[in-house]
Amino acid sequence: MDFSSSNRHGGATAAPPPSPSDHRSSAATSSTAEDLRLLLHRLPLSLSVPSSRLKPRPPPTINFSNSQNTPNGPNGPNGLNGLNGLNGLNIQLGFFQLTHHGLPPQVAESAESDSLALLSLTREDKNRFSSRKAWQVGFDVDGEGEGEAVWLDESWLAEWTRLGELAAELEKIGLGVMEGLMVMVGRCGVPPRMRSLMRVSRCAGEEREYPCIVSLEYQIRRREYELLGESGWVTVRPEVGSVLVTVGDVAQVWSNGKLKKVRGKRVVEDGSSAPCVTMSLLITLPTESTVSVAPLPRIKPIQTDQDDATKEEEEEEEIDEEFNPFSFEDYAWRVYHERFLSRDPLDRYRRR
């Protein structure tokens, strides 16, 4: 996730490779079934949006206090673990805004200029820059039903330097947020290997927010969003200069279900003449990862033999895990191909 990398790739991007062998469609699939699948694939997220607009409200606010620059990091006295404001209610919502995060506004404003230039390119040129790796982690690289979008990985962020600078700043904040959230739900750390993708798009259409750990978006100007959480849609109006954070399904699994996720996001267009683009950084996992509940903190006992009560307690903790471990590649493939918002894709991995 080094955005200063000088790797560059030219030429047209290749189509997504075949899906895993245990998910390949039968050659005998009828044309009628295929037509139905394509129709369902294109169903817009807005079918689930309530007919009447919900009154906008500010997201829960966390004073991040620029914890990335403190000696103790995000878990110290100035990090998430030492902050007031992120209580159980906030965790249940699956979203919040960060203030005092240390990201200079001019970095985001410069990145927006890059975004406008990128989106003004022809479809062929945008496809050349857009990472086809995005489909491997469950995101729609074709933009069907989601508006016009370009996905940039670290190699192309090195090409679009101002977007790369914004991505690097958001990634630093995101890593601190993830560490802090895990501490707050009583779990241990985060995996050492992760990957980031920057999604640049017009405001029209929907953004599907999973599968990822967290998504971050700096607020250059006043804007409203409709967020689809586990309790339905809510309209929020983040502060200008804040970073809107939405929790993804990977973080929900890590937290053993304590964190709630946001499954969809759309910008409420206000008719303003100002540029309406979104620049969201999504922190996710390499495809070869295994997703499982993060371990509980353990204090090693002085004695080598544990008593029966301790063993019984540990067994109970294991039984209480809400999710079975699963392959991230398998999960991402399912999310990419199965576009049913009424069904939580994590359900198949929950322990019954």
Side-chain angles (χ1 to χ4, degrees), residues 45 49-50 53-68 80 83-87 89-112 115 147 163 166-167 169-174 176-178 180-181 198-210 212-248 251 259-272 274-283:
L45 190 65
V49 178
R53 282 288 315 282
L54 300 172
K55 184 178 179 180
R57 62 179 181 180
T61 301
I62 298 175
N63 184 334
F64 197 58
S65 300
N66 202 13
S67 64
Q68 294 301 296
L80 282 179
L83 295 176
N84 296 320
L86 189 64
N87 52 37
L89 175 62
N90 301 157
I91 291 174
Q92 293 297 312
L93 291 174
F95 59 87
F96 49 88
Q97 63 181 357
L98 298 174
T99 61
H100 302 87
H101 43 68
L103 196 162
Q106 58 269 26
V107 170
E109 291 163 3
S110 296
E112 187 178 65
S115 297
L163 273 168
L166 174 62
E169 292 287 340
L170 288 173
E171 184 180 77
K172 284 193 299 183
I173 295 170
V177 166
M178 290 186 293
L181 287 174
M198 175 68 84
R199 183 185 192 275
V200 179
S201 69
R202 303 283 183 189
C203 290
E206 322 296 342
E207 295 183 29
R208 304 178 68 89
E209 286 298 292
Y210 58 84
C212 69
I213 307 166
V214 291
S215 169
L216 304 97
E217 184 177 344
Y218 182 86
Q219 303 301 301
I220 296 178
R221 57 185 59 84
R222 183 171 175 171
R223 184 178 284 172
E224 293 179 8
Y225 297 85
E226 288 176 334
L227 305 177
L228 177 59
E230 297 190 29
S231 299
W233 288 92
V234 62
T235 304
V236 298
R237 183 185 293 156
E239 294 178 20
V240 173
S242 67
V243 172
L244 178 63
V245 179
T246 55
V247 176
L259 293 173
K260 303 306 176 186
K261 62 180 176 289
V262 169
R263 299 177 60 192
K265 179 173 72 174
R266 55 175 282 167
V267 176
V268 178
E269 297 188 64
D270 57 4
S272 169
C276 195
V277 297
T278 63
M279 300 175 292
S280 300
L281 185 79
L282 295 107
I283 302 180

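Just so it is clear, the structure is predicted and the values come from calculations on it, not from any experiment.
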Close side-chain approach of V268 to E226, heavy-atom, < 4.5 Å: yes
Non-hydrogen side-chain atoms of V240 and Q219 separated by less than 4.5 Å: no
Quick one: [atom1] on [X] to [atom2] on [Y], what's the gap to the nearest 0.5 Å?
X: R202; Y: S115; atom1: CZ; atom2: OG; value: 9.5 Å
X: N63; Y: T99; atom1: CG; atom2: OG1; value: 4.5 Å
X: L170; Y: S215; atom1: CG; atom2: OG; value: 9.0 Å
X: F96; Y: T61; atom1: CZ; atom2: OG1; value: 11.0 Å
X: L244; Y: T246; atom1: CG; atom2: OG1; value: 6.0 Å

Single hit among R223, R266, K265 for side-chain contact (heavy atoms from CB on, under 4.5 Å) with T278: R223
Check: H101 side chain, G241 main-chain N or O, donor-acceptor pair, under 3.5 Å: yes
How close do [X] and [Y] get, counting heavy atoms only, and between which atoms?
X: C276; Y: V267; value: SG-CG1, 4.2 Å
X: I173; Y: F64; value: O-CZ, 3.9 Å
X: A167; Y: L281; value: O-CD2, 3.6 Å
X: L93; Y: P60; value: CD1-CG, 3.6 Å
X: M198; Y: L163; value: CE-O, 4.0 Å
X: A111; Y: L166; value: CB-CD2, 3.7 Å

R222: side-chain hydrogen bond (donor to acceptor under 3.5 Å, both in side chains) partners, not counting sequence neighbours: none
P105: side chain to side chain contact (heavy atoms under 4.5 Å, CB included) partners, not counting sequence neighbours: E109, Y218
Pairs satisfying salt bridge (Lys or Arg N to Asp or Glu O under 4.0 Å), at least one member in residues 235-247, at least two apart: E224-R237
E217 and S280: CA distance, side-chain angles, deciding distance, side-chain hydrogen bond (donor to acceptor under 3.5 Å, both in side chains) verdict: CA-CA 5 Å; E217 184 177 344; S280 300; 3.1 Å; yes
